[in-house]
Amino acid sequence: MKYKSLTGTRDVLPEEQPYWRYIEKKIIKVTSLFGFVRVDPPIFEETALFARGVGEGTDIVEKEMYTFQDKGKKSITLRPEFTAGFMRLYLQNGLYVRTKPVKLYSVGPIFRYERPQAGRFRQHTQFNVEALGEQDPSVDVEVLSLAHQLYTEIGFKDITFQLNSTGCPQCRPAYIQKLRHYYTKHSEIICPDCQRRLDKNTLRLLDCKVENCQPVKAGAPVIRDHLCLECQDHFSALLHYLDLLDKPYSINHTLVRGLDYYTKTVFEVWAQGIGSQSAMCGGGRYDGLIEQLGGPPTPGIGFGSGIERIIISMQEQDISPEQDAPPRAFLIHAGKEAKNKAIQTAFELRQNGFPALFSFTDRSIKAQLREANKFGAHFAVIIGDQELEQNAAAVKNLKDGTQSLIAFSDLLQFFQNIE
RNA sequence: GUGGGCGUAGCUCAGCUGGUCAGAGUACCAGGUUGUGGCCCUGGUGGUCGCGGGUUCAAAUCCCGUCGCUCACCCCA
């Protein structure tokens, strides 16, 4: 084979489609219950939007974007995440005049040039939710419980949030200072990666998995103890609401997220079976982002959830997507004239809304029946010389094996009565 | 960008101390009823053993290179 799918991309074959349709169905249901409306920003935007929106220093911007020049010499980037595009859409279309919060969602492909591994692809699909224009903690709960209900509806048991607050521009710098100071004292024992994080990405020190760093990590100052009053209040109110709704969470002081724009609330939902990647959902609040992009001060909170990871996790946990296979007929012919009749009948049934298939090749009745069975047909409609003589077809119910002769003129009605 | 593992029929893999080693399961096709499926039985189609080079009388099997895949790190859904 000369051509292969590119690294980190995958084909979704027919067998996997039921998962996709099942999840889409649940997304439509839950978003509508919560009053979120769908928007679809384009898949590519000008590069600067993502550079500013996601953050110049982030790995995504520094090394993971699919950036290229179009024929007009403009720098274009395939979206590496949804949020920046949502912000642009929100500002450009004046959605800020609508009643707040403006609750939006979308589903679509995301592109990041990364080394693939279990549960990670260069093209993956995200379900993304954003609530814009209101900073009350009840909006945080709105978004979190949407995620919770979605996963529960899909069939996951015991969904628990990993929760943290990463503060705001008022209180975070001081905490980072403190953290850096603490780690500097232990700089000789920590791993090389942590050495680098120390000045480049200080918060990420808390995320290190290296054994030797764990004792240092365990003694590190906790951000919750260093939040400003506003952030403290926001966090406790959020916890209060979660308790009120009985949504399980676990406060994770080491949960930090890789995008610069997060403020206050950050959260993830973890799942089994995605390799070392455990986040099925990740998001948080970003109260400064829109302003940073040139808009009016607008708080926001949202999350992204990887559909592929949801599917992997469903398979891991034996959650199968229910699929409703409508009954359908398979036309079987023996002889040329019968084939004509079979083809005509198939088209007539289809035109009247009843699914019908027929065999293209002139194989034995037995082979055609096997074919019918393989396609999951409910009925085999057998047409041969005998049937043609009687102007009727032998209709066999493949579920219970019964068979009866039905006049051609009654066939359509017969099948329409099935449903 | 870094490190480990692997590349044999459409798919999942066995064979890999070099010499019936080109195999199994599954899928596909056909037969087991003269016009009737699902289970079962039998047979068949199907492979440059990733690619290139080297060692050898002889390589899927050893060595080198190369491409690809995969898992993990970084980071992320």
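Only a predicted model underlies this, so the values are computations on that prediction, with no experimental measurement involved. A, B, ... follow the sequence lines: proteins, then strands. Residue 1 opens every chain.
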Let me confirm one number: the OG-CZ distance from A/Ser5 to A/Arg122, rounded to the nearest 0.5 Å.
11.5 Å
Between B/U2 and B/G10, how far apart are the two P atoms, rounded to whole Å?
34 Å
Expressed in whole Å, how much space separates the P atoms belonging to B/C41 and B/A60?
34 Å
For a quick check of understanding: with a heavy-atom distance under 4.0 Å over all strands, which category does A/Ile332 fall into, base, sugar-phosphate or nothing?
nothing
Please report the distance separating the C1' of B/C75 from the corresponding atom of B/G7, rounded so that it comes out in whole Å.
28 Å
Between A/Glu308 and A/Leu6, whichever has its closest RNA chain B nucleotide further toward 5' is A/Leu6
By nearest-nucleotide position on RNA chain B, the 5'-leaning member of A/Thr7 and A/Val256 is A/Thr7
Can you tell me if A/Gln117 and A/Ser276 form a side-chain donor-acceptor pair at under 3.5 Å?
yes
B/C6 and B/C51: how far apart are their C1' atoms, nearest whole angstrom?
16 Å
Are A/Phe379 and A/Phe415 near enough that their ring centres are under 6.0 Å apart?
yes
Whole angstroms only, please: what is the CZ-C1' distance between A/Arg120 and B/A77?
10 Å
Looking only at atom P, what distance separates B/A27 and B/A22, rounded to whole Å?
27 Å
Using a 4.0 Å heavy-atom cut-off across all strands, classify A/Phe121 as base, sugar-phosphate, or nothing.
base
A/Gln195 CD: over 12 foreign heavy atoms closer than 6.0 Å
yes
Can you check the A/Phe156 CZ to B/A77 P distance for me, whole Å?
17 Å
When all nucleic acid strands are considered with a 4.0 Å heavy-atom cut-off, which category describes A/Ala118: base, sugar-phosphate, or nothing?
sugar-phosphate
Please enumerate all protein N or O atoms sitting under 3.5 Å from an N or O of nucleotides 33-37 of chain B, with distances to 0.1 Å.
from, atom 1, to, atom 2, distance (Å)
B/G35, N7, A/Gln386, NE2, 2.9
B/G35, O6, A/Gln386, N, 3.0
B/G35, O6, A/Gln386, OE1, 3.2
B/G35, O6, A/Gln386, NE2, 2.8
B/G35, O6, A/Glu387, OE1, 3.4
B/G35, N1, A/Glu387, OE1, 2.7
B/G35, N1, A/Glu387, OE2, 3.0
B/G35, N2, A/Glu387, OE2, 3.1
B/U36, O2', A/Lys396, NZ, 3.0
B/U36, O2, A/Lys396, NZ, 3.1
B/U36, O2, A/Gln403, OE1, 3.3
B/U36, N3, A/Gln403, OE1, 3.0
B/U36, N3, A/Gln403, NE2, 3.3
B/U36, O4, A/Gln403, NE2, 2.9
B/G37, N7, A/Lys396, NZ, 3.1
B/G37, N1, A/Leu398, O, 2.4
B/G37, N2, A/Asn373, OD1, 2.7
B/G37, N2, A/Leu398, O, 2.7
B/G37, N3, A/Asn373, OD1, 3.2

Check the distance between B/G1's P and A/Arg115's CZ and give it to me in whole angstrom.
7 Å
Below 4.0 Å: OP1/OP2 of B/A30 and any side-chain N or O of A/Arg363
yes
Provide the distance between the two P atoms, one in B/G3 and one in B/U20, to the nearest whole Å.
38 Å
State yes or no: are the ring centers of A/Phe161 and A/Tyr249 separated by less than 6.0 Å?
no
Rounded to whole angstroms, how far apart are NZ on A/Lys209 and P on B/U2?
20 Å
Phosphate OP1/OP2 of B/C73: any A/Ser276 side-chain N/O under 4.0 Å:
yes
Just checking A/Arg197: base, sugar-phosphate only, or nothing, at a heavy-atom cut-off of under 4.0 Å?
sugar-phosphate
B/G31 to B/C16 separation - C1' atoms, rounded to the nearest Å:
38 Å
Does OP1 or OP2 of B/C67 have a side-chain N or O of A/Lys4 closer than 4.0 Å?
no
Rounded P spacing from B/G68 to B/G25 in Å
35 Å
What nucleotide among B/C74, B/U70, B/A77 has an atom nearest to a side-chain atom of A/Asp59?
B/C74
Is the CZ atom of A/Phe44 crowded by more than 12 outside heavy atoms at less than 6.0 Å?
no
Supply the atom-to-atom distance A/Leu259 CG to A/Leu289 CG, rounded to the nearest 0.5 angstrom.
9.5 Å
May I ask you to evaluate whether A/Gln117 reaches the phosphate of B/U70, defined as a side-chain N or O under 4.0 Å from OP1 or OP2?
no
Pairing donors with acceptors under 3.5 angstrom, does anything connect the side chains of A/Asn340 and A/His333?
no
Identify whether any heavy atom of A/Thr125 sits under 4.0 Å from a base atom; if not, whether one sits that close to sugar-phosphate; answer base, sugar-phosphate or nothing.
nothing
Flag the pair A/Lys74 and A/Asp70 as a salt bridge only when some basic side-chain nitrogen lies within less than 4.0 angstrom of an acidic carboxylate oxygen.
no
Rounded off to whole Å, could you give me the CG-to-C1' distance for the A/Asp11 and B/G10 pair?
14 Å
